[in-house]
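Quick note: numbers below take in every heavy atom, side chains included, and nothing from hydrogens, waters or symmetry partners. Since the model is a prediction, treat every value here as computed from it, not as a measurement. Letters A, B, ... are given to chains in the order of the sequence lines, protein chains preceding strands, and every chain is numbered from 1.
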Number of protein chains: 2
Amino acid sequence: MQRIEALVQRVRAQGGKVTAQRMLIWRALEGDQTHPTAEDLYARLKPVLPGLSLATLYNALNELVEWGEVRRFDAGDGHIHYDPDCSAHAELVCLKCHTIIDAPQEVAPQPAIPDEIAGYRILARSEQYFGICPACRAARA
Amino acid sequence: MQRIEALVQRVRAQGGKVTAQRMLIWRALEGDQTHPTAEDLYARLKPVLPGLSLATLYNALNELVEWGEVRRFDAGDGHIHYDPDCSAHAELVCLKCHTIIDAPQEVAPQPAIPDEIAGYRILARSEQYFGICPACRAARA
DNA sequence: ACCTTCTTTAGAATTATTCCTATTTGATAA
DNA sequence: TTATCAAATAGGAATAATTCTAAAGAAGGT
């Protein structure tokens, strides 16, 4: 995710409004490395801004995804997870216990993102490896 | 996805049962290239086996995912999509209209899947490129 | 064929996400 | 400041996805 000032400018430039809700959500995501779900974020933000609606949160999240500022991915646990870190990295998802960790660049190197593929203008790339984590492998044996 | 005979053996080997419902779902997925959602499949299968429950369909799908036989991914349109084609390919997802196409290997080459990353036993890999499709680019201009 | 055992199923209940719309609020300019 | 207008919000309704549990069904031995 870009710095918040850049998001402010982006919203203004397209005739949008910098609302308290958006700022709150942006700040909550900034630097977050926990791959939170929408519910996680809601539980965190509701006490801060009690009037906050879940719909508003989903709107803001989906808009960030459309801008390519945040990645959203399915970890196979029945929840959609969000990750503001759009730098080059893959996720490692355990198919048994659904824990998620970021794969280091060395073990899952990321190619440069091309500007265009098959006529599509490419904004973001997402990669997941699904498998069985060390703990679950041990538990099974 | 492997051939259906292989799935039959797999289920038997782990003490499971080859039910009519599983066979039906497996056959529906075999060779499907439409990236269907669970609802798509349900609509297709319900007339064939009217007693079929959505829960059964989800069970079967999630079990295939856990076996690494089918990939499931979030196309950002509010629906989870399933793809029985686990051969090496990335998906191209339009952030505006949410159409999904398979990227040819030439434009998005797939590395070999390592057996293990950071202690995880790797079973599957998923890759998506998010962007704006040619039609939406034209519409915007 | 008939039990027995254990898995799977159907349908309802629950939870997650998106959609809808009257109302509120930010931004702009007088 | 204040009025104006477009855009965002809140909250509830609608839709999507998952979980739960009693009942049904397949496999294997008798």
Side-chain angles (χ1 to χ4, degrees), chain A residues 4 7-26 28 35-67 70 72-82 95-98, chain B residues 7-26 35-67 70 72-82 95-98:
Chain A
I4 286 186
L7 296 178
V8 170
Q9 292 189 349
R10 160 161 222 156
V11 166
R12 291 243 167 84
Q14 62 188 31
K17 297 173 182 177
V18 178
T19 62
Q21 290 83 347
R22 274 183 176 148
M23 283 297 269
L24 182 71
I25 292 162
W26 293 347
H35 307 100
T37 66
E39 284 293 331
D40 292 338
L41 287 167
Y42 190 62
R44 208 184 298 170
L45 298 180
K46 184 76 173 174
V48 182
L49 190 63
L52 184 69
S53 163
L54 250 180
T56 301
L57 176 56
Y58 277 106
N59 285 347
L61 286 170
N62 287 336
E63 144 187 292
L64 287 168
V65 172
E66 286 204 5
W67 296 341
V70 163
R72 78 176 240 178
F73 62 95
D74 169 19
D77 59 353
H79 301 269
I80 304 287
H81 294 255
Y82 296 87
L95 291 170
K96 283 288 164 199
C97 67
H98 303 297
Chain B
L7 296 179
V8 170
Q9 292 188 348
R10 158 161 224 157
V11 167
R12 291 243 167 85
Q14 61 189 34
K17 295 172 183 178
V18 179
T19 60
Q21 289 83 348
R22 275 186 175 142
M23 283 297 269
L24 181 71
I25 292 163
W26 294 346
H35 308 101
T37 65
E39 285 293 331
D40 292 339
L41 287 167
Y42 190 61
R44 207 184 299 169
L45 298 180
K46 185 75 174 174
V48 181
L49 189 63
L52 184 68
S53 163
L54 248 182
T56 301
L57 176 56
Y58 277 106
N59 287 345
L61 286 171
N62 288 335
E63 144 188 291
L64 286 168
V65 172
E66 288 205 5
W67 297 341
V70 164
R72 76 176 240 176
F73 63 95
D74 168 20
D77 59 352
H79 300 270
I80 305 284
H81 294 256
Y82 296 87
L95 291 171
K96 283 288 165 200
C97 67
H98 304 295

(request) Determine: side-chain N/O of B:R72 to OP1/OP2 of D:dT18, distance under 4.0 Å, yes or no. (result) yes
(message) By nearest atom, which of the nucleotides C:dT17, D:dT9, C:dA27 is closest to the A:Q21 side chain?
(response) D:dT9
(message) Of the listed nucleotides (C:dT18, C:dT9, D:dG11), which one gets closest to any side-chain atom of A:A55?
(response) D:dG11
(message) Could you tell me how far apart A:Q14 (CD) and C:dA27 (C1') are, to the nearest whole angstrom?
(response) 15 Å
(request) Rounded off to whole Å, could you give me the CG-to-P distance for the B:L61 and D:dA17 pair? (result) 11 Å
(request) Please determine if a side-chain N or O atom of A:N59 lies less than 4.0 Å away from the OP1 or OP2 oxygen of D:dA8. (result) no
(message) Let's see if you can work this out: which of D:dA17, C:dT17, C:dT9 has an atom nearest to the side-chain heavy atoms of B:T56?
(response) C:dT9
(request) Can you tell me the distance, in whole Å, between the CG atom of B:L54 and the P atom of C:dA13? (result) 16 Å
(message) Closer than 3.5 angstrom, by distance alone: can the side chain of B:R22 be matched with the main-chain N or O of B:K17 as a donor-acceptor pair?
(response) yes
(request) Determine whether any donor atom in the side chain of A:K17 lies under 3.5 Å from an acceptor atom in the base of C:dT25, or the reverse, and answer yes or no. (result) yes
(message) Counting only side-chain nitrogens and oxygens, does B:Y58 get under 4.0 Å of the OP1 or OP2 atom of D:dA17?
(response) yes
(request) Give a yes or no on whether the backbone of A:Y58 and the side-chain of A:Y42 come within a donor-acceptor separation of less than 3.5 Å. (result) no
(message) Looking at A:H35, is its backbone amide N or carbonyl O close enough to the side chain of A:H81 to form a donor-acceptor pair, meaning the two atoms are under 3.5 Å apart?
(response) yes
(message) Quick check for you: among C:dA10, C:dT9, D:dA17, whose closest atom lies nearest to any side-chain atom of B:T19?
(response) C:dT9
